[in-house]
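Structure record follows, encoded as structure tokens.
All values reported here derive from a predicted model rather than from experimental measurement. Below, chains carry the letters A, B, ... as their sequence lines are ordered, and counting in each starts from 1.
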Amino acid sequence: MNSSPSPRKNRRTPIRALLASEQETRGVHLGGWVRTARSGKGVTFLELNDGSCFASLQVVVDGASPAAVDIAGIGTGSCIEVTGDLVASPAAGQRWELKAAGIRLLGSADADYPLQKKRHSLEFLRTIAHLRPRSNTFGAVFRVRNALAFAVHKFFQERGFLYVQTPIITANDCEGAGEMFRVTTLDPKEPPLREGLVAWEEDFFGEKTGLTVSGQLQAELFATAFSDVYTFGPTFRAENSNTSRHVAEFWMIEPEMAFADLRDDCRLAEEFFRYMVVHALENCGEDLKFFNDRIEKGLIDKLGKLVGAEFKIMTYTEAVTRLQKSGEAFSYPLEWGLDLQSEHERFLTEKIVGGPVFVIDYPARIKAFYMRQNDDGRTVAAMDMLVPRVGEIIGGSQREERYDRLERRMGEVGIPLKSLSWYLDIRRWGSCPHAGFGLGFERLLMYITGMENIRDVIPFPRTPGNAKF
RNA sequence: UCCCCAGUAGCUCAGUCGGUAGAGCAGAUGGCUGUUAACCAUCGGGUCCGUGGUUCGAGUCCGCGCUGGGGAGCCA
């Protein structure tokens with residue numbers, strides 16, 4: 001994918017390409033950061049990593065080589081350039097090594113360098129988010145993140161979905177998806193007032209605006225022109241959530257399909273999820289092996305099982321009944337009409353189904369206004385996809401495409417029709433059945449890497465009280 | 001936001017019954033004929049999170065605060 005030679009003048013070869021080499025090569029040039037340096041009497045070994053792959057390349061500096069005079073001051077964390085010959089390694093542990101002819105120290109790293117060659121806690125590494133990409137774990141995380149971001153586009157583009165960039169600044173604060181961050185240019189000390197309240201009509205956009213909590217409503221508009229569309233972009237929630245599953249800024253994937261019902265929606269979600277797992281298994285083997293050994297034992301086995309698993313579909317009503325009959329003592333109440341708690345979802349997917357499951361047709365009063373009302377008069381065509389160990393990972397629905405039904409529902413839950421007139425217009429002219437879902441990219445990464453805290457799968461996490469870096 | 005737990009060397013941690021602080025790793029120096037987060041020896045390294053209190057005496061007990069973690073809610 002990215003092993004073609006660099007166009008740069010110095011013709012640096014990535015370590016990934018050197019390690020994949022078929023034969024010895026003279027006169028190669030590379031750069032990287034020293035992971036560890038070991039010195040013997042007549043020879044020094046430097047483990048060099050440039051992020052192009054998980055493995056480091058062993059650079060050998062013979063005491064008699066001209067390069068030997070240049071190794072003073074090179075320790076863990078130093079950035080160096082090396083020229084030399086790629087040769088078969090005479091010792092066990094690696095196939096190739098680099099016999100150095102010349103070394104240039106570009107950036108030294110002294111004893112205060114925080115990322116030492118030892119095991120660090122993930123909590124500590126979070127406090128040095130500017131350096132943690134140079135660690136084994138985070139190198140692997142961000143390579144997998146890169147591979148899967150590419151796979152998201154690949155999946156949808158292969159199926160003819162149109163990629164739409166929905167707005168980041170929006171005036172809808174009634175989507176029901178969460179608290180919004182405010183976007184304003186008004187003076188926070190002396191905002192213009194009208195009858196004692198902030199006069200938002202004098203703000204930059206002439207109305208109250210914030211950062212998007214979802215691109216879904218706009219994606220629906222595009223689905224009624226391009227049939228199949230998807231968004232993949234940043235999403236913001238100003239909730240004061242302090243958990244390992246929530247961040248204030250995250251990336252969400254939201255496909256939307258015209259001429260589709262809830263079953264089509266479930267099928268797409270299943271196909272998408274499986275595709276992501278297969279892509280990771282086929283393209284990130286070395287990184288996944290590290291996660292399997294050090295982060296989540298049995299990870300690769302889990303992913304392999306998911307690829308072959310049948311994704312069950314169960315109605316909310318049946319799920320409640322089966323959970324009640326299970327005899328399990330739950331800490332939270334469980335009865336028809338109440339939302340399923342995390343513990344219920346986990347029990348359902350792990351113990352009752354033993355695999356991924358879609359729960360569909362939830363009571364209308366616990367779900368969003370835009371979900372399609374079912375004929376029974378009390379449920380809507382919603383779906384949540386649950387997977388073992390994580391619980392809910394995808395939430396979606398068939399949308400209410402009937403003007404009068406949607407208008408009535410908006411009235412019931414108190415959403416001013418005027419604010420979403422454009423959303424209703426889609427139902428006035430050329431309406432069609434459509435459905436879609438939302439998937440948090442970071443939660444997908446958590447499932448695939450086994451990382452347990454969402455702050456460890458996003459480069460620079462934003463959480464309540466923390467926007468550093 | 002609520003509940004629970006934690007905060008000691010650069011990092012990971014120990015510190016007994018309240019009696020003035022310890023290990024490993026990292027660093028420095030020396031040794032070692034090719035090592036695999038090398039090994040051996042020596043050395044340097046502390047605002048015990050902050051603050052107030054109890055006590056002859058607090059890393060240790062109590063109050064408050066801050067920071068981090070786990071769980072819950074909200075959700076993706």
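- Across all strands shown, B/A28 pairs with B/U42; the Watson-Crick or G-U wobble distances both stay below 3.5 Å.
- A distance of about 14 Å separates the P atoms of B/C13 and B/G70, rounded to the whole Å.
- Of the residues listed (A/Arg126, A/Glu123, A/Met446, A/Glu442), the one engaging A/Asp456 in a side chain to side chain contact (heavy atoms under 4.5 Å, CB included) is A/Arg126, and it is the only one.
- The phosphate of B/U36 (OP1 or OP2) has no side-chain N or O of A/Arg35 nearer than 4.0 angstrom.
- Within a 6.0 Å sphere centred on CZ of A/Arg26, heavy atoms belonging to other residues, nucleotides or ligands number 12 at most.
- B/G31 sits 14 Å from B/A38 when the C1' atoms are compared, rounded to a whole Å.
- Note: CZ (A/Phe45) to C1' (B/C39) measures 13 Å, nearest angstrom.
- Rounded to whole angstrom, the span from the CZ atom of A/Phe54 across to the P atom of B/U36 amounts to 18 Å.
- With hydrogens and angles left out, the side chain of A/Ser241 and the base of B/C74 share a donor-acceptor pair within 3.5 Å.
- Remark: B/A37 base-pairs with no nucleotide; criterion is Watson-Crick or G-U wobble with both hydrogen-bond distances under 3.5 Å.
- Which of B/U35, B/G69, B/G73 sits closest to the side chain of A/Glu97 comes down to B/U35.
- OP1 or OP2 of B/C2 has not a single side-chain nitrogen or oxygen of A/Asn242 nearer than 4.0 Å.
- Here, B/U29 and B/G15 have their P atoms 35 Å apart, quoted to the whole Å.
- Open room surrounds CZ on A/Phe222; 12 or fewer heavy atoms of other groups in view lie less than 6.0 Å from it.
- The shortest distance between the side-chain N/O atoms of A/Arg38 and the OP1/OP2 oxygens of B/U35 is not below 4.0 Å.
- At whole-Å resolution of the value, CD in A/Glu254 and P in B/C75 are 15 Å apart.
- Spacing of P atoms, B/G18 relative to B/C62, comes out at 11 Å, to the nearest Å.
- With ring centers used as reference points, A/Phe156 lies under 6.0 Å from A/Phe272.
- Pairing of B/A14, defined by two Watson-Crick or G-U wobble distances under 3.5 Å, is not identified with any nucleotide.
- Salt bridge annotation for A/Arg346-A/Glu343: absent, with no cationic side-chain nitrogen under 4.0 angstrom from a carboxylate oxygen.
- Of the two residues near RNA chain B, A/Arg245 and A/Gly93, the one whose nearest nucleotide lies more 5' is A/Gly93.
- Looking at A/Leu30 and A/Leu48, their side chains come closer than 4.5 Å, going by heavy atoms from C-beta outward.
- Note on A/Thr36: a side-chain N or O is less than 4.0 Å away from OP1 or OP2 of B/A38.
- Here the nucleotide nearest the side chain of A/Asp339, chosen from B/A38, B/A37, B/C75, is B/C75.
- The neighbour count for A/Arg462 CZ, taken as heavy atoms of other residues, nucleotides or ligands under 6.0 Å away, is above 12.
- With A/Glu47 as reference, A/Arg38 is the one residue of A/Arg38, A/Arg35, A/Lys117 to meet the salt bridge (charged side-chain N to carboxylate O under 4.0 Å, His left out) rule.
- For the C1' atoms, the distance from B/C56 to B/G22 is 26 Å, rounded to whole Å.
- Regarding A/Lys468, its NZ atom lies at a distance of 12 Å from the C1' atom of B/U67, rounded to whole Å.
- Atom CD1 of A/Ile366 is separated from atom C1' of B/G73 by 15 Å (rounded to the nearest Å).
- A/Thr44 comes within contact range of no nucleotide atom at all, as no heavy-atom separation falls under 4.0 Å.
- RNA chain B is contacted by A/Gln116, A/Lys117, A/Lys118, A/Arg119, A/His120, A/Ser121, A/Glu123, A/Phe124, A/Arg126 of residues 114-133 of chain A, taking any non-hydrogen atom closer than 4.0 Å.
- In this structure, the nucleotide among B/G34, B/A72, B/G70 sitting nearest to the side chain of A/Ala91 is B/G34.
- Residue A/Ser39 places no side-chain N or O under 4.0 Å from the OP1 or OP2 atom of B/U35.
- Checked against B/G68, B/G73, B/C75, the side chain of A/Asn466 finds its nearest nucleotide in B/G68.
- A distance of about 16 Å separates the C1' atoms of B/G69 and B/U12, rounded to the whole Å.
- Distance CG (A/Asn136) to P (B/U36): 17 Å, rounded to an integer number of Å.
- Note: CZ (A/Phe437) to C1' (B/C75) measures 17 Å, nearest angstrom.
- For B/C75, there is no paired base (Watson-Crick or G-U wobble, both distances below 3.5 Å).
- Here B/G73 presents its P atom at 15 Å from CG of A/Asn240, a figure rounded to the nearest Å.
- B/A37 and B/A21 have their P atoms separated by 37 Å, with the value rounded to a whole Å.
- Within the shown strands, B/G50 is the pairing partner of B/C64 under the Watson-Crick or G-U definition, both distances less than 3.5 Å.
- Heavy atoms of A/Tyr332 sit under 4.0 angstrom from primed sugar atoms or phosphate atoms, though from no base atom.
- Within 4.0 Å (heavy atoms only), A/Glu442 reaches no atom of the nucleic acid at all.
- Checked for salt-bridge contact, A/Glu271 and A/Arg159 meet the test: a charged N lies under 4.0 Å from a carboxylate O.
- Annotation: A/Lys367, atom NZ; neighbour count of heavy atoms from other residues, nucleotides and ligands within 6.0 Å is above 12.
- Comparing the same atom, C1', in B/C3 and in B/A14 gives a spacing of 29 Å after rounding to whole Å.
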